[in-house]
Each structure stands twice: as structure tokens, then as C-alpha cells.
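Reading through the C-alpha cells given below for one structure.
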Amino acid sequence: MTPMQKLLQLPVNAMNMVKTAQDQMGQQDEAKSPVMTPDGGNHNWYNGEPNDPRHIRFGSGGGDQEERAHLEEGGGSLSSLVTQPLRHDDLKEMLDSNKDSLKLEAMKRIVAMIARGKNASDLFPAVVKNVACKNIEVKKLVYVYLVRYAEEQQDLALLSISTFQRGLKDPNQLIRASALRVLSSIRVTIIVPIMMLAIKEAASDMSPYVRKTAAHAIPKLYSLDPEQKDCLIEVIEKLLADKTTLVAGSVVMAFEEVCPERIDLIHKNYRKLCNLLIDVEEWGQVVIINMLTRYARTQFLNPNMNESLLEEGGGEKAFYGSDNDDDTDDEEDKEEKEKKKTEATAIVKRKPYVMDPDHRLLLRNTKPLLQSRNAAVVMAVAQLYFHLAPKAEVGVIAKALVRLMRSHSEVQYVVLQNVATMSIKRRGMFEPYLKSFYIRSTDPTQIKVLKLEVLTNLANETNISTILREFQTYIKSNDKDFVAATIQAIGRCATNIGEVRDTCLNGLVQLLSNRDELVVAESVVVIKKLLQMQPEQHSDIIKHMAKLTDNIQVPMARASILWLIGEYCEHVPKIAPDVLRKMAKTFTNEEDIVKLQIINLAAKLYLTNSKQTKLLTQYVLNLAKYDQNYDIRDRARFIRQLIVPTDKSGALSKYAKKLFLALKPAPVLESPFKDRDHFQLGSLSHLLNAKAGGYQVLPDWPEAAPDPSVRNVEVPEWTKCSSREKRKEKKADKPFYSDSEGESGPTESADSASDTASGSESGSGSEESGSGSESEESNEESESASEEDEEEEGKKKKKNVEKIKARKPVPESESEPSSGEDVKKSEKKSKPRIGSSESESEEDDDSESESSESEEEESEEESEEETKKKKKTTASKPPSKPPKKENKKEKKEMSLLDFDDFDPAPSPSQVTPLNNFLSSSLVTDLEGLSLTDNVLSPTTIIPSGNLKTYELLHRITGEGLSVEYCFSRQPFSPDPHMVAVKIQFTNSATSEAKSLHVEDAKLQSGMRIKEFPEIEVLPAGETISVVMGIDFCDSTQAANFQLCTHTRKFFVSIQPPVGELMMPIFMTENEFKKEQGQLMGMNEITEKLTLEEKCQGEHAVVQRVTTAANLSRVPCGSDKECRFAGKTVTSGSLVLVSVVTKEDGAAQLTVNCEKMVIGTMLVKDIHQALTQ
Amino acid sequence: MIHSLFLVNSSGDIFLEKHWKSVVSRSVCDYFFEAQERASEPENVPPVIPTPHHYLISVLRHRIYFVAVIQSEVPPLFVIEFLHRVVDTFQDYFGVCTEAAIKDNVVVVYELLEEMLDNGFPLATESNILKELIKPPTILRTVVNTITGSTNVGEQLPTGQLSVVPWRRTGVKYTNNEAYFDVVEEIDAIIDKSGSTITAEIQGVIDACVKLTGMPDLTLSFMNPRLLDDVSFHPCVRFKRWEAERILSFIPPDGNFRLLSYHVSCQNLVAIPVYVKHNITFREGSSQGRFELTLGPKQTMGKGLEAVLISSQLPRGVLNTNLNPSQGTYNFDPVTKLLSWDVGKINPQKLPSLKGSMSLQAGASKPDENPTINIQFKIQQSALSGLKVNRLDMYGEKYKPFKGIKYMTKAGKFQTKGLLRGRAWDLKN
């Protein structure tokens, strides 16, 4: 490196030294240039130039003279050899000058030369000096030049390296990236070690953009020196673990180019890639999807393996179902479920297929990309679905593919090729879009032919008549290639669909009288093929065709007719010899294929009707004997030996008849796209139907799925699902659920498990919201956690709980644990957790909080108080039977609800507008449930009972109607971006209030309101609770609206405390730290405070903070620190709170939030809560 | 991935080449020229051509072939889509994408190509980022650059690539804050001679021109979002929001962009806004043929048909025509046999017609009587599918933007066939 730097410090000397040598070299190159550049096009171009004076005028003052010289250079590369050094001296001079504008001018010309394919390599020394130029454009153009010629001028290129090395250390990420980009683009083998070093360094750069550039550099280095593969794989492995979307596409690209066989590198990153996918730039998406398709083929089981046993019809039916693209995921899943059930009954003994949750994850996360504007992305998803999805789900891609048909004709061309292949395997998928494949006269021929292919593939008994009608109009087209293809297509329809064979044949015969010879010829060829299937019935057609020999000149058609007559000569015994007679006359003028068929005809006739044709045959054979074509001579000789009995003729002649008149099988007219799907669709190899270089074969599904646990990520994440066996064991323990676990149970549940896993990584990766049928098991898991939760809480409250019969949650019935078991469990919990599973970590959290709870007398009392309160409320309304039932049902439903995105399960009270007489008691009932059921928010100590109620309408102003509201802290299920507000109406008047509803909301822009269903009647003295949702848009602005009764309207407003604008989310300690690290600076607000006396102690702090704000606790190793996490309801911005307690009640409060206003207000509120 | 790019003009000359990896000799294009010769029409050159060592993937736009050289397996659509993106970028920069424009701006073109691909893999394809890197040439800037010697490469380092919204540059400022949305629908239809629709579908786009300061967050809602069942979005659109609420929520790119395109398929009934009656007959043995064509509006929702243009490829046997248009001008090219009639606006009271005779080649056989008739037209202020924008809201910025929405319907591939269908063959079904 030092010598290089020296060189650079002495550029003048170095330059002069190499200059002369270089000039000579340059001349040689120039002399060779005609070889490099075929001059066919060039001359035109250059000659045309003077007519186009604007062309290379870049606008500098003294341009004219130089330009002429410049043009001369273009004019004749050979003749200008003498003047060349002179002219290039001009440019060199300009490059050597101090003025940037001159340098720029020179570089622009040089780049223009490169663009035209002119050799400018002799300028290398002059250009390379400017690599360190301050002017950005000069620099960029120098880079362009360098990358183009460095390979040819390796030694000189080294002069520039030190500049780039300096650039790699620049504080500006963009300069670092561009230095790496150019450095890695210089294809000079000597600098391989430097490149390797630079890539390694850049791979751990802070800036994702530099890391992306590093990923781009990997394939460059690999192509330069494949021996670096092992080192590069290490870098790829590192970059694959990168969590930014910017890097993902590029590194997968590098992976595909360097080590596509190392599929094992993907395991750990699989889920992350799936979740990032939607945010990756479009080009990266294509690469990732293609790679994941291959990956999935090696790791998962064939989702259609059971279906293959079922008859085809079943599968077809399912298509129609899923063609309806509005299907949401759950619907599909339901469908699938149903199907599986039927299957399960059909094949009882077979092990039911269980889709790997990761497989489902991939399918789900790619589906939205069908909506991409980029055709390549859509195609990539389509091929993924085609190769990986269960049959019933593949249908969704059809609509997107049909949409692409509107794009540029090149796009159409590729898409149609793929549709043609797909339509053979999955005809039903495209049938609804049949008309989209109709051909327009303005389509290019290649598109027309492909559309024909698709139409033919889609033809079946029901639609054949429309298709044939369409085909008829095509036959009239001016485009003869297309007409020929249409006739072929008709032939294929006729062979495939027996019902229309006669119609087609008749139609084709009509075409025989067409004025266009090509049409007739093509028809003859097709008719010949069709007739072979049932020759007996069609002797009249054969006769008709025999007559055509006089007119048709197209050799292939003539040959076909002759073959037909020969083959079926017994059907036309009178005409055949006559045809032969005519042919014998014209024999010498016929094309070769026709001659061969004449010989054939003669031979066949000789065998069947030797009396009439003996002489003719001899004549023909004699003519053939002296033909110019050896093939024909050979044939004649061979046939003569076979058919004409002579003394010497061998045993074969006895069998001549058998040989010639054997029954020939009818040809099968097949689509050229049949079996093309063994190539990955959308690939170049598929398009060409030949393996292209670097094509990675799409592997077959494995017989048995490889271990799925390889994809588990080691980072302790509470969301991660435990291994399957464990879950299964758990399941086995619970007879209660056994009935709800159909065949589909494992699949669906596995799904949701993956969902949660996904969520943990991407924040909110999964798309669907609470879909009912999806996640039995994940909830079971949570259930199990809840049991733990309930156990302890339950113990304390047992006495109370038992009293409150109506409220008793169902699962608890079996979760009353013996104390021994309990101990065991807590023992288990105390084990250190490594790579702990979701449930375990949750248990841990619980146990922490619970234990703290049990330590604190106060809280115990409190909770008892709460339950008492509950009891009161429930007692006030005696638990009638219907609510109980309802309750039970609801509870179950709740357990079925998906809790992805870590939202606590939506409270069912909001889900359904229940009958009025039920709802009031139900709400309270369910509220009670949420106490024991805080599985879903295990650390939210503050239960609903402690919710602060605010007055909305006073009894007096409301004329007897008093309204209170509180923030129920349940997610509002109709719209997760809304804050749920529980409103309680009490009618203390003497008459009943009617039709209570909300009207005329006056909202700040962006705010939305979801009204509660109208309350028809509120009898005097009764109380009723309803829930409405308000989207406050993450602001504390009040929502104003009118509350109406049948008689009056009241203006009311609800203003949320800042703490209610968020909802709790779960995080691990590590995640918390990571997120906190990303929300520094302006987003962090720290405040010192002194805790109030009563408030010293971990539990009290937790209690106060969670009262002030709807946050959940994050587990923490130290008891000096309490952490809380949540996200704002509308925008989902993270809100992180931590309180570090010190001695003597001193404490430090830190709030990290993207939204500074919320952060500031929250600090104020929490500060107040902790100090007062 | 993409190894090299050659630009070939209609006369078969390579006028620009760019290599992203080592240099591929331009002789590789000979295979392309062969295919070009074989193809009867320029658009019939196969988009993918295999050669012994390379694959050539080409697109044809503005009578320029963009030929990419590929060395190994790559999804062909990936390359095709990228090439189209290149053309779009050129068009965006130079207004037109012609050979002359590219030659005039060869340095800018080269700089663009350099930024768009790195080692053959797309790097920056968003026009906003590119414009930050390389300023588009304008007349003023060219003059200033000539005098001062300054450059058209951005002095500032681009930030867009690094931000979470890669399609929008930061620090946008406008004095007039405007957001315009054009709902443009094209109707594609095939209509048979009797006037019944064989297939019709509507292809719509919403093109936006957004010039707003700062980082506005827009939401666009529709009166009837149900119509949009098949859509594709600009990457800025939040997909989940659309799925959940059928509202388009997005941080817009700066300047012109296509927000979404949609497709109303032929399963829904599409109202055809125009009808054509034509009667073209040739008599056997006579050297004359009759030509009659009238057209009129139909289901246009009260909006007038404008810029109506009829074109038809007459049979080869037609030597010349002698036609009489009731309005507008007509033109027949005896070489290409292309008849075009610029009708202009249709007055519903007085329907335009074109009548007259055609002279045929003597002795030639009677031509088929089925020339296809292509129709172009425009309907202002109406989207044929009935799509209506409900409202546009802006969040994140304080000022009040000026909002505008325009609707337009155009004919896409709209043609009537000469043949009366279902007559020729007797079909049982």
C-alpha cells in the first residue's frame, strides 16, 4: 500500500513515465478497434453526426475546433491514426488544467466516447489523476471512466486505490458507500485483499446504506476471485442477520450469486425475511421471494399431498370457491379447514397434513404483494403461490396475472408464457378470466399466438362453443402466421374435446374452400391429424381433399393429402389411383416432402391394388431412382425391394403389407407448454424451456419435513413458540379442548404461533386482526399461562371467586391445582431460562409480579376490595341464567381470538351489540373476567375496577339522566386504532329514557368516532353500560358530540388523559433496551423526582404508573428499576417508560416516545402520580 | 444480473452502450439484428433471445430497442420491468425519450444509468432520489451551466435513500401547495358488427401531481371503493389501511407519480359510450367497393364525446378511396392502406358519417369484408366506471393545500369487428 501512496504523491513523474508507453498501447488498441466494434452500424452513425450539430455540443466556448477533431476521430478510426495523439492531447491538456470547467468538459467528451463504444483507453493516465478532484461531477465521471477501463489498465488503476481507501473512512456514509462501490467495481485482481477487507469492514458499518453497498460488492468480488468464497459466505451470513429492509434485498441477491446451495444460512433468518418482505424495495422483493420459494420447497411438506389422492373434481371445486378474490385469509382458512375435515373422513388412516406455521407465514406475507405496481414482484408472488400454496389458495394469483396483461407487450409476453404453463395444470383458475385472453387485431403476433395457446388450454365442454366462435373470427385475420396458429388451435380443441370434434372437422373442411392458400394448407394438415382418429366415417372428406391436390401448392399440405389417401386408400378405392397418376406426372417438379409421400402412396396402392397401379408405381420409382436428393433415391430403392417380389427378395417382402398398412396411432396434439412447470415459473429457464446458466433447480417436496426448529431464533423472545412436542403434551393434558381441536387444529394454531413470532420481530408485522377461527393453540398457550396466573390469584381470591358463580371462567374448572403441582411449577419457573419459550417467560413475568404482590399486604387488600366491588356489582344484578350462558360462550370465543400484535384480546362486550337487557350485566361480568383473565396483559396490575370514572353529564343538567364514562383500557375491536370508552347511563328520573344515541360529532380533523348502538329504552332507575370507540389521533383534544335522548340533546365532550391514548404491548428486556436505544435525543425526556412516602417500593410504583397510563410492565433484572411499554393507539408509536429508584425516595423517570408532545405530557402525568 | 445495455434505433444502429460488469462486445447484438430481420413487424421481435453465451432481453419503446445483455438466470420480467423504468426515467428527465434526446443528453443518461444499477442490480430507481442525485436538464440550467461551468450533479448528498420514505425527498418547499389527482379510465372493448359487446373492461389509473411542502400525510377516500377490487399501488400506499378501511393513506412522492391503477373487469357490465355502424362491401368482379360508416354516442351520462378518431386497416386490395365525411377530415394512405378519420367532437343532433366508394385493384380477388375499426375518443369530467373520490385529507402539516380532482375517460383498445359472429359454423352447443 505504501508504494502505491508514494506513486500517488508523485503523479507527474509516474504519469510521464507511463504516458509514452501508454500512447503506444493506445494506438495498438485503436488499430484493433474495428475488430472489437463491428463497423456495420458505426459508420452510419458517425456519418450522420455532422447533420446533427446539437449532438455533442456540450457548450463550452472554444468547442468548434475540438469538436471537429472529435468528429474526425469518429469518422474513421483507421484513417485518423496519425492525428489521434494530437487530438487526445487536447483532452489531456484540459484534464491537466486547473480549471474544473475544463476538466468537466473533457470528461464529458470522454464519457460520450465511451457511450458510443469508442475506445478511450489511452487517456487513462490523464483521467486517473483526477480521481481526487473536488468537483463532484468530474469525480463521478472519472469513476465512470475508471470502472470501464480499469480492467484493461490494471497497473495504472492502482493509482486510484488510495483515494478510495481514504473515502472508506469518511464520516459521511454516502461517501463511504460510493468509495466502496467504485473500489469493488474495479476489476483488478491485485486488489482482492483490499476489497475483501473493505467489504468486511463495511458489513459492520453503522449505516445500513453502507452495509447495502457491501452486500452489492460481494458478488463483484466473487466473480473476480471465486476463491474468496468462504470468506464471503461469512460476510453474507453476517449481513443476512441484518434487520434493516435496506440490506435484505441486496444480501439475498449476493447469497443467490455466491452460495445458493447454502440453504442452511437462511433458517435463522427465514421468519425475519418473511416479515420484512413488504417493506423491502421492489427489486429486492423479487429476489427474496424467488429464494424463499426454493427454500420452502426443501423445508416444508407438500400441501397438496393428500389431495393428490382425492379425485380431481374435488380440487376443481375448491378453485371456484377461491376464485372469489375478496376472500379474506380467515375465509380461506375456514375453507381449508372444511376441506381438511372432509378429507380426514375420507382418508381416516392417513396422517392429516399439517401445514408448517412458517409455510403459512410465507404465504400470508407475500399475498399483499400481488398488489405491487411492479410486474416482476407480482410474477414472483404468483410463482410462489403456484409452487407452494395448497391448491385451494392458488386461485388468488389469477386476477393479478390477468391485470398484468394490460402492461407493455413485453410484460404480456412473459406473463402469457407463464399463464400458459399454469393453465395446463390449473385450468379452473383462469376460466373466469377467459375473455381477458381474447385477441385484438392490434396485438403483436407473438402475443396473439400465446393468447391462443391459453385459450386452447382453457377450453372445455362448457366454454368450447364461445371459444370456437372467437376462433372463427381470428381465421379472417390478415396476419397469416396467426391464422395458421388458430387452425392448429382448433385442431387441438377438437382432439381434446370429443363433443366438438365433428363440428371442428366440418368447420375446417369449410376452410378448405377458403381463398387463402395458407389457410387451406394449414387446415389440411390439421384435418389429417383429426381424421386419423376416426377415418371410417369421413371418406367423403378424404375424397374432397383428393380433389384439392389440383389447387393446393403448399408442399406440407400436398404431402398431408397424399399421405391421407395412401393411408385410407381402401376408403377411396377409385380416386386413389387417379391421384397417383396425376402425381406421377408432376413428380419431378414436386418438393422433397411431397415426393416422399408420392412414393409412399405408390407403395401402398401397389400393395392393395396392384392391378391398376403396378405400372404407375414402377414409373414413380424409376423417377425417384434418379432424383437429385439421396434421401428420395434411398427411399425408392428400399421400397422397391420391399414391395416388388423378386427372386432375391428376402423375408421382409412377405411382411410388406403389414409394414406399410399397419394401424398408426393417432397423433396426440399437445401443448408445447406441457410439463414446463418443472422449471420454476417466471424464470428465464422456464421462458426458454432450457436450463439457463446459474439456474437453481426447484427441488421436489421432501418426503418428511426437516426439523422445523432450525428456524427458531435464539434470542430470548417471549413470543417464540415452544417446540411442538411440548405443545402437544400440553394439549393432551387438556381434555376440555379436545373437542374443539379438529383436524385443522394444529395447522391453524401453528399459524398463529408463527404470527406472534413475527410480531415480535417487526413490531407489527402480521396483517390480520383478530380473526376468530385462527388461533386455538396460541391462545391455549396463553391460557396455560393464564392458568398460572389464575392459580395464584385464584388462590387468594378463591373464597371470593367461589361466591361469584356467574363470573367463574371456564378453564379455571380444571386449573384448580393441587398445591403440590403448584410447587413443582414454581420450581420449574425458577430455572434459568435459556432460549425460553413464550409461555415460560410469561410465567416468569407473572411470577415476578405475583410474588411481589403477595409480599405486599396492601395490594392484597386492594385486590380483595376490588373483588368485593365486583361482587357488589354482580350482586346488584342477580346472575340470571342467560347471561351465564352467554358468558361461557363469550369466554370460549375469546379464547379463540387471535391475539397477534400483542393486543390484549378484544373484549367481547364491544364485539357484539347485545340485547339491551343483557348488556349491562354482561359488561360487568366480562369486566370481572378480565380481572382473572389478565393473561393477555399479565403485568397490568391495574384492573378495570380501579378505572377512574369521569362525569359526562350530571344528573341535574341531564334532567335525571346521569352519564359517566371511563376508559375501559380494552382494545376497541371494531377498530384497533380507537380508544374504547365505556359509558354508563343511569336513569334516575321517574320516566324511562328512550333512544339514547350519539349525534353530530364535532371532531378535530383526523379524529373519528364509532358510536355505540342506540339504546332503545332505559327504564327509570336502571343503569346501562355501552362502549364507544374514539380515535383521538394521538392528541388530547376533546371529542365533542351530542348525546341525544328522545326528547333532548346534550352537548358533551370527552377529553382523554394522555395515559389513555396508548395501549400496552409486551416486550422483553432486550427489546426494550434496543428500542430505547433507538429513541434517544429529542425523543427522550428525563426527569428527576422524589417519590412520595407511600410510593416507595416497587409495587407501588408499578401501581401508580399503570394507573396513570395504560402501559404494561416489562420484566427487568433489577428491582431498582421499573420499565413499562406501550404504543399509542392511533399511530402505534412506541412509548417506553422507565423509573429508576434510588435511595431516600429519589428517582429518575425516563420517557422515550417518538411523539414528543405525548412524551412530555406523559412525563408530567406520571410525575404527578408518583409524587402526590 | 444485467450485464450491459445497448440502445438500438429503428435503422438497426447501436447508438449507446453501457456496461455494468466487464465489457461485452457489441457484436452480441448481431443475434438481435437477426431476430429483428426475421420479425415482420418491429414489435414482433421476441423479448428474450438466447445466444450461445448470453441472453438478450429487449423492450421496444419510442421506436428504440433497449437491449439488455444477461449472462445467467434472472427472472425476465425483472429485466423488462427495469428497462421500462429506465425509459420512464428518461422521459421524466428529457420530456421525450427519442434517439435525439438521448444523444443530446448523453452524459446525463450515462450518469443516470450509473446510479440506477450497481453491478447489474437495481440501486436507485425512484425518480425522486435520482433527481436529487442528478438534476434534470432544463434550458435555464443548461445556459447557466455553460456560463458558470457548474454541474448538473447535485451538490447535496441525497437523503431520500436513507430515510424511511425512500420515495420522498426531505426539505420540500413550495409557495403554492397543490395536490392534483387525475382519475383516468381507459375502456378496452371488442364489439361485434351487430353492436353487442364481446368483451369490455375498464383500466383506470389515478395519476397525481403533488406539490406540497414538508412531509404531508394524505388520505384519499372514495364514495364507492367497492369498485376497486383489483388494484396495484405505488409503494407509498399503506396496504393494511386499504385492506381494513378501503382508504388510501400515503405520504406522497414529490411531483408526478401514479398513485394506483385499477381494473374493472369484464364480469361487471360496462356501459359502452359509443356505437359504430359500418357497412363495407365489395362486389365480385367490380373494381368498386362501398364504404359507409356512422357513429354516435350511447350511454355517456350526458357528457360529450370528444377527440373522436376512427382508424381502420383496409384490405390490401383497396387502391384508393373516395369518401365524403360529414365533419372532420379523413385520410387514406395508399401504401399502408390505413384509413383514418379525425371526427373531433360528436354532435348528438347531427351524427357524423363517412360515406363513399373505394377503388380496388383490377383483377384481384374480392377482399374479405372484415376490416376492424379502431375508435379513439375522450369523455371529460366523467369516469366511466362511476368511481368518485370522496375526500382528500392532509395530516402532518399545518397549511391548507389546494386540491383538485379531474376525471376523464378515454378509449383504450376499442375496436369493432367486421364479422357478424356465430354464423359461419353451425355449433351444437
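A, B, ... follow the sequence lines: proteins, then strands. Residue 1 opens every chain.
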Next on the checklist: Need one label for B:Ala101: side chain, backbone, both or neither, based on atoms under 4.5 Å from any heavy atom in chain A.
Outcome noted: neither

Checklist entry - Can A:Lys140 and B:Glu115 be said to form a salt bridge (Lys or Arg N to Asp or Glu O under 4.0 Å), step by step? => result CA-CA 10 Å; A:Lys140 278 202 170 169; B:Glu115 288 300 334; 3.4 Å; yes

Item to check | Contact check, side chains of A:Gln446 and B:Pro47, non-hydrogen atoms, under 4.5 Å | outcome: yes

Checklist entry - Any salt bridge between A:Lys108 and B:Glu111, counting N to O under 4.0 Å? => result no

Checklist outcome for this item: Bottom line for A:Asn290: the part with an atom under 4.5 Å from chain B's heavy atoms is side chain

Checklist entry - With a 4.0 Å cut-off, would you call B:Glu186 and A:Arg406 a salt bridge? => result yes

Checklist outcome for this item: Between B:Glu17 and A:Ile114 the two heavy atoms that sit nearest each other are CG-O, 3.9 Å

Checklist entry - Considering only heavy atoms from C-beta outward, does the side chain of A:Asn374 approach that of B:Arg85 to under 4.5 Å? => result yes

Item to check | Side chain, backbone, both or neither of A:Lys691 within contact of chain B (heavy atoms, under 4.5 Å) | outcome: backbone

Checklist outcome for this item: Turns out that what part of A:Val377 lies under 4.5 Å from chain B's heavy atoms comes down to neither

Checklist entry - Where does B:Trp20 contact chain A at under 4.5 Å (heavy atoms): side chain, backbone, both or neither? => result backbone

Checklist entry - At a heavy-atom separation under 4.5 Å, does B:Tyr110 approach chain A through its side chain, its backbone, both, or neither? => result side chain

Checklist entry - Side chain, backbone, both or neither: which part of B:Glu41 has an atom under 4.5 Å from a heavy atom of chain A? => result neither

Checklist entry - What option among A:Ser685, A:Cys1033, A:Ser441 has the most heavy-atom pairs under 4.5 Å with chain B? => result A:Ser441

Checklist entry - Relative to chain B, which segment of A:Pro219 carries a heavy atom at a distance below 4.5 Å: side chain, backbone, both, or neither? => result both

Checklist entry - Where on A:Gln680 is there a heavy atom nearer than 4.5 Å to chain B: the side chain, the backbone, both, or neither? => result neither

Item to check | Audit row: B:Leu123, A:Lys212, side-chain contact (heavy atoms from CB on, under 4.5 Å) steps and yes/no | outcome: CA-CA 10 Å; B:Leu123 189 65; A:Lys212 182 191 177 77; 4.0 Å; yes

Checklist entry - Looking only at heavy atoms, what is the nearest atom pair of B:Ile190 and A:Arg440, with distance? => result CG1-NH1, 3.6 Å

Checklist entry - Is there side-chain contact between A:Val415 and B:Leu77, with heavy atoms separated by less than 4.5 Å? => result yes

Checklist entry - Tell me, do A:Arg373 and B:Pro235 make a side-chain contact under 4.5 Å, heavy atoms counted? => result yes

Checklist entry - By a 4.5 Å heavy-atom criterion (distance strictly below it), what part of B:Phe82 contacts chain A: side chain, backbone, both, or neither? => result both

Item to check | B:Ser4: side chain to side chain contact (heavy atoms under 4.5 Å, CB included) partners, not counting sequence neighbours | outcome: B:Phe6, B:His19, B:Val24, B:Val69

Item to check | Side chain to side chain, B:Ser22 and A:Arg187, heavy atoms closer than 4.5 Å | outcome: yes

Item to check | Minimum-distance pair of heavy atoms, taken over all atoms of A:Ser683 and B:Pro76 | outcome: C-CD, 3.5 Å

Checklist entry - Of all residues at least two apart in sequence or in a different chain, which pass the side chain to side chain contact (heavy atoms under 4.5 Å, CB included) check with B:Thr219? => result B:Arg241, B:Ile247, B:Ser249, B:Asp393, B:Tyr395

Checklist entry - Side chain, backbone, both or neither: which part of A:Ile439 has a non-hydrogen atom closer than 4.5 Å to chain B? => result backbone

Checklist entry - Under a 4.5 Å heavy-atom cut-off, does chain A meet the side chain of B:Met394, its backbone, both or neither? => result neither

Checklist entry - Can you tell which of B:Val79, B:Ile80, B:Val48, B:Asp118 has the highest number of heavy-atom pairs within less than 4.5 Å of chain A? => result B:Asp118

Next on the checklist: I'd like to know if the side chain of A:Gln371 reaches the main chain of B:Val231, judged simply by a donor and an acceptor atom lying under 3.5 Å from each other, with no hydrogens or angles considered.
Outcome noted: yes

Item to check | Proximal component of A:Ser372, with respect to chain B [non-hydrogen, under 4.5 Å] | outcome: backbone

Next on the checklist: Under 4.5 Å from any heavy atom of chain A, what part of B:Leu7 do you find: side chain, backbone, both or neither?
Outcome noted: neither

Checklist entry - Parallel, tilted or perpendicular for A:His216 and B:Phe121, by the 30°/60° rule? => result tilted

Checklist outcome for this item: Applying a strict 4.5 Å limit to non-hydrogen atoms, the region of A:Val378 in contact with chain B is neither

Checklist entry - Contact part of B:Glu43 toward chain A, heavy-atom cut-off under 4.5 Å: side chain, backbone, both or neither? => result both

Checklist entry - If every non-hydrogen atom of A:Ser436 is compared with every non-hydrogen atom of B:Glu201, which pair is closest and at what distance? => result OG-OE1, 3.7 Å

Next on the checklist: A side-chain contact here means heavy atoms from C-beta on lying under 4.5 Å apart; do B:Val59 and A:His408 qualify?
Outcome noted: no

Checklist entry - Considering only heavy atoms, which portion of A:Tyr695 lies under 4.5 Å from any heavy atom of chain B: side chain, backbone, both, or neither? => result both

Item to check | Carboxylate-amine/guanidinium contact B:Asp230 A:Arg403, below 4.0 Å | outcome: yes

Item to check | Contact class of A:Val414 relative to chain B, heavy atoms under 4.5 angstrom | outcome: side chain

Checklist outcome for this item: Ranking B:Arg258, B:Lys21, B:Gln71 by heavy-atom pairs under 4.5 Å to chain A gives rank one to B:Lys21

Checklist outcome for this item: Between B:Met1 and A:Glu257 the two heavy atoms that sit nearest each other are N-OE2, 3.6 Å

Checklist entry - Given the options B:Asp188, B:Val109, B:Ile70, which has more heavy-atom pairs under 4.5 Å with chain A than any of the others? => result B:Asp188

Checklist outcome for this item: Cut-off 4.5 Å, heavy atoms of chain A, and the answer for B:Pro46 is both

Item to check | Engaged part of B:Arg61 at the chain A interface, taking heavy atoms whose separation is under 4.5 Å | outcome: side chain

